[in-house]
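Worksheet: the structure to be examined is printed underneath.
Keep in mind that this is a model prediction, so the values were computed, not measured. Whatever order the structure lists them in is the order used to number ligands and atoms, beginning at 1.
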Amino acid sequence: MMNLDLFDSGMPEGRESLGRDALVLRGFGLPFVDAVLAAVDYIEACSPFRHMQTRRGYTMSVALTNCGRLGWISDRAGYRYSQTDPLNNKAWPEMPADLLRLATQAADAAGFRGFEPDACLINSYLPGSKMALHQDRNEADLTQPIVSVSLGIPAIFLFGGHQRSDKPARIPLFHGDIVVWGGEDRMRFHGIMPLKAAEHPRVGARRINLTFRRAG
Ligand code: MD3
Ligand code: FE
């Protein structure tokens with residue numbers, strides 16, 4: 001008889017462990033796609049995607065926006081969270097209830113009960129966009145996990161170690177995949193390889209990634 005446990009691990013729609021406290025939930029976001037895309041439309045009408053500057057003066061190839069009480073920003077003064085959008089000096093759009101539900105359900109499914117994100121960073125990638133290896137260390141409570149939702153064309157996620165020089169694993173992320181990171185995997189270096197040109201039937205020639213965080 002076929003070993004169903006073995007079959008379930010590592011297959012689309014299944015769970016793949018990336019580390020002790022890091023898990024890919026393949027396809028977990030698929031039932032939420034319409035709600036997430038509607039939420040992104042609402043958010044970008046108030047706070048459009050824009051390319052931010054790094055502290056060193058480079059322009060990021062990824063465009064971003066935020067919703068929730070806090071939003072992640074970058075400029076010549078560095079990386080930080082802000083209660084207001086620097087484009088209009090108003091509060092970021094509220095986190096839509098559907099997004100909050102998706103984030104808490106995914107965190108629950110990964111074993112992180114009681115996750116209450118107050119920030120959602122939304123990244124928009126076009127073919128060629130990439131994200132260099134980095135750590136996420138601007139959040140106040142580093143014991144809280146991060147939940148990431150991928151939509152649109154695929155990307156290769158780089159999952160490194162605790163040192164920038166550790167050789168990263170390459171994990172493909174597809175439309176509807178969710179990844180949850182916490183515990184000992186929370187501070188790992190990570191990044192995204194330059195996106196290959198492709199077309200997604202629902203999202204077009206781009207990738208959207210939402211990361212839910214407890215920032216404050
Ligand atoms: C692993 N975004 O916005 S999400 C980021 O696909 C970021 O847009 C990537 O890295 C993206 O900061 C990757 C996945 C992610 C987010 C936070 C992590 C992976 C993580 C924190 C610790 C370890
Ligand atoms: Fe990151």
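- No other N/O/S atom of D136 lies as close to the Fe ion (ligand 2) as OD1 does.
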Distances only, to 0.1 Å: what are the N or O pairs between ligand 1 and the protein that fall under 3.5 Å?
residue, atom, partner, partner atom, Å
ligand 1, 3 (O), N123, ND2, 3.0
ligand 1, 3 (O), R213, NH2, 3.3
ligand 1, 6 (O), R207, NH1, 2.9
ligand 1, 6 (O), R207, NH2, 3.1
ligand 1, 6 (O), N209, ND2, 3.4
ligand 1, 8 (O), N123, ND2, 3.1
ligand 1, 8 (O), Y125, OH, 2.5
ligand 1, 8 (O), N209, OD1, 3.3
ligand 1, 10 (O), H134, NE2, 3.2
ligand 1, 10 (O), H190, NE2, 3.0
ligand 1, 12 (O), H134, NE2, 3.2
ligand 1, 12 (O), D136, OD1, 3.4
ligand 1, 12 (O), D136, OD2, 3.0
ligand 1, 12 (O), R213, NH2, 3.1

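- Geometric assessment of R164 against the ring of F189 yields a negative cation-pi assignment under the 6.0 Å and 45° thresholds.
- For the salt bridge (Lys or Arg N to Asp or Glu O under 4.0 Å) test, residues two or more places apart in sequence or in another chain that qualify with D118 are R69, R214.
- A salt bridge does not link R206 to E199: none of the charged side-chain nitrogens sits closer than 4.0 Å to a carboxylate oxygen.
- Aromatic ring pairs are classed by plane angle as parallel below 30°, tilted from 30° to 60° and perpendicular above 60°; the pair H200 and H175 is tilted.
- Put simply, the side chain of W92 gets close to the backbone of S82: a donor and an acceptor are under 3.5 Å apart.
- Side chain of R26 to main chain of V24: no donor-acceptor pair is present (N/O by atom type, distance under 3.5 Å, no hydrogens or angles).
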